[in-house]
Number of protein chains: 2
Amino acid sequence: MENITEMLKGVLEGCVLEIISRGETYGYEITQQLRELGFTDVVEGTVYTITIRLEKHNLVDIEKKPSTMGPPRKFYTLNAAGREQLEIFWKKWDFVSSKINELKTKIKLKGELI
Amino acid sequence: MENITEMLKGVLEGCVLEIISRGETYGYEITQQLRELGFTDVVEGTVYTITIRLEKHNLVDIEKKPSTMGPPRKFYTLNAAGREQLEIFWKKWDFVSSKINELKTKIKLKGELI
DNA sequence: GACACTATTCGGTAATACTATATACTAGTA
DNA sequence: TACTAGTATATAGTATTACCGAATAGTGTC
């Protein structure tokens with residue numbers, strides 16, 4: 001799927017929070033998981049801006065560990081504030097997506113909404 | 001629901017397209033319909049920036065008509081390009097929302113995705 | 001006249017995803 | 001050794017888009 005950039009705004013951060021909540025992980029791996037999910041055009045740079053934002057907002061704990069496959073990795077885990085933020089994100093998502101699906105499925109009849 | 005601004009980016013324009021596709025309407029009325037939908041914090045200014053964008057992209061036809069309740073109204077209808085854009089929007093929405101719901105509903109078990 | 005409601009326009013701001021590039025570590029290979 | 005690919009992080013700059021605030025304007029009511 002091409003050009004879904006704008007539609008990802010405001011949800012990509014929530015997706016990253018969810019992925020981190022599944023267990024300790026790092027930027028490069030998060031990028032790969034997002035691609036496996038279907039967001040094939042997401043690049044490392046995008047994810048790093050998000051993880052750095054999460055750091056700044058104190059939603060994650062950080063631990064740097066060496067890797068045998070390249071440079072050291074920065075592992076993230078959600079802290080209490082991060083888990084709370086994730087819960088808020090899903091509530092917002094449920095609200096917004098339900099409203100949009102409502103709009104989508106309303107049947108048009110003689111120009112009126114029914 | 002508060003502070004869903006970022007999550008609306010990229011979908012609000014599609015919602016406006018959908019509302020216009022239901023029949024000739026104008027900015028102020030679109031705003032009210034969005035509020036009825038549940039996006040209570042959407043203000044006129046936001047909708048007008050979207051309708052002007054639709055004009056620039058030649059997705060709508062425009063007709064100015066007098067009103068007995070205030071200044072003249074600018075009525076919009078979708079043209080062929082607008083209908084095509086709306087279809088693309090819903091395809092993108094279906095893709096993105098299905099992927100996000102997939103992420104949401106994957107059950108966590110011992111830190112692994114199943 | 002003052003106010004409320006309807007209706008549009010526009011300049012400026014904030015948030016966020018993308019682009020492009022730089023840096024660095026490991027392993028394989030010519 | 002030099003080169004390449006894969007892994008891994010960082011960051012400056014850009015584009016898009018929703019919001020804020022103010023201005024303007026028409027109609028009806030008090």
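A donor-acceptor pair under 3.5 Å is formed between the side chain of N79(B) and the backbone N or O of N58(B). Side chain of R73(A) to main chain of P66(A): no donor-acceptor pair is present (N/O by atom type, distance under 3.5 Å, no hydrogens or angles).
A sub-4.0 Å separation between OP1 or OP2 of dT8(C) and a side-chain N or O of Y26(B) is absent. The side chain of T5(B) places no N or O atom within less than 4.0 Å of a non-bridging phosphate oxygen (OP1 or OP2) of dA18(D). Note on T49(B): every side-chain N or O is 4.0 Å or more away from OP1 and OP2 of dA18(D). Between S67(B) and the phosphate of dT6(C), there is no side-chain N or O to OP1/OP2 separation shorter than 4.0 Å.
The nearest whole Å value for the distance from the CE atom in M7(B) to the P atom in dA17(C) is 11 Å. With rounding to whole Å, D41(B) atom CG is found 8 Å from dC20(D) atom P. When rounded to the nearest whole Å, the span between CD1 of I30(A) and C1' of dT7(D) equals 15 Å. The interatomic distance linking Y48(A) (OH) with dA12(D) (P) rounds to 17 Å, in whole Å. dT16(C) atom C1' lies 14 Å from atom CG of L17(A), rounded to whole Å. Computed from coordinates, the K65(B) NZ to dA7(C) P distance equals 13 Å when rounded to whole Å. In this entry the distance linking CZ of R53(B) with P of dA15(D) reads 16 Å, nearest Å. The distance between atom CD1 of I52(B) and atom C1' of dA7(C), rounded to the nearest whole Å, is 13 Å.
Nucleic acid contact class of E44(A) (heavy atoms, under 4.0 Å, all strands): base. G45(A) comes within 4.0 angstrom of a base, heavy atoms only. Heavy atoms of T51(B) sit nowhere under 4.0 angstrom from any nucleic acid atom. When heavy atoms are screened at a 4.0 angstrom cut-off, P66(A) is found touching no nucleic acid atom at all.
Map P72(A) and H57(A) each onto its nearest nucleotide of DNA chain C; the residue landing nearer the 5' end is H57(A). Of the residues near DNA chain D, R73(A) and E6(A), the one whose nearest nucleotide (by heavy atom distance) lies more toward the 5' end is R73(A). In terms of position on DNA chain C, the residue among L12(A) and M69(A) whose nearest nucleotide sits closer to the 5' end is L12(A).
Comparing dA8(D), dC20(D), dA10(D) by their closest approach to the side chain of K74(A) singles out dA10(D). With distances taken from any side-chain atom of K9(B) to the nucleotides dA7(C), dA15(D), dA18(D), the minimum falls on dA18(D). If you check dT16(C), dT11(D), dT6(C) against the side chain of Y28(B), the one that comes closest is dT6(C).
Between R22(B) and E18(B) there is a salt bridge, since at least one side-chain N of the basic residue sits less than 4.0 Å from a carboxylate O of the acidic one. Between K104(A) and D94(B) there is a salt bridge, with a side-chain nitrogen of the basic residue lying less than 4.0 Å from a carboxylate oxygen of the acidic one. Between E24(A) and K65(A) there is a salt bridge, with a side-chain nitrogen of the basic residue lying less than 4.0 Å from a carboxylate oxygen of the acidic one.
E55(A) and Y76(A) are linked by a side-chain donor-acceptor pair at a separation below 3.5 angstrom, with hydrogens and angles left out of the test.
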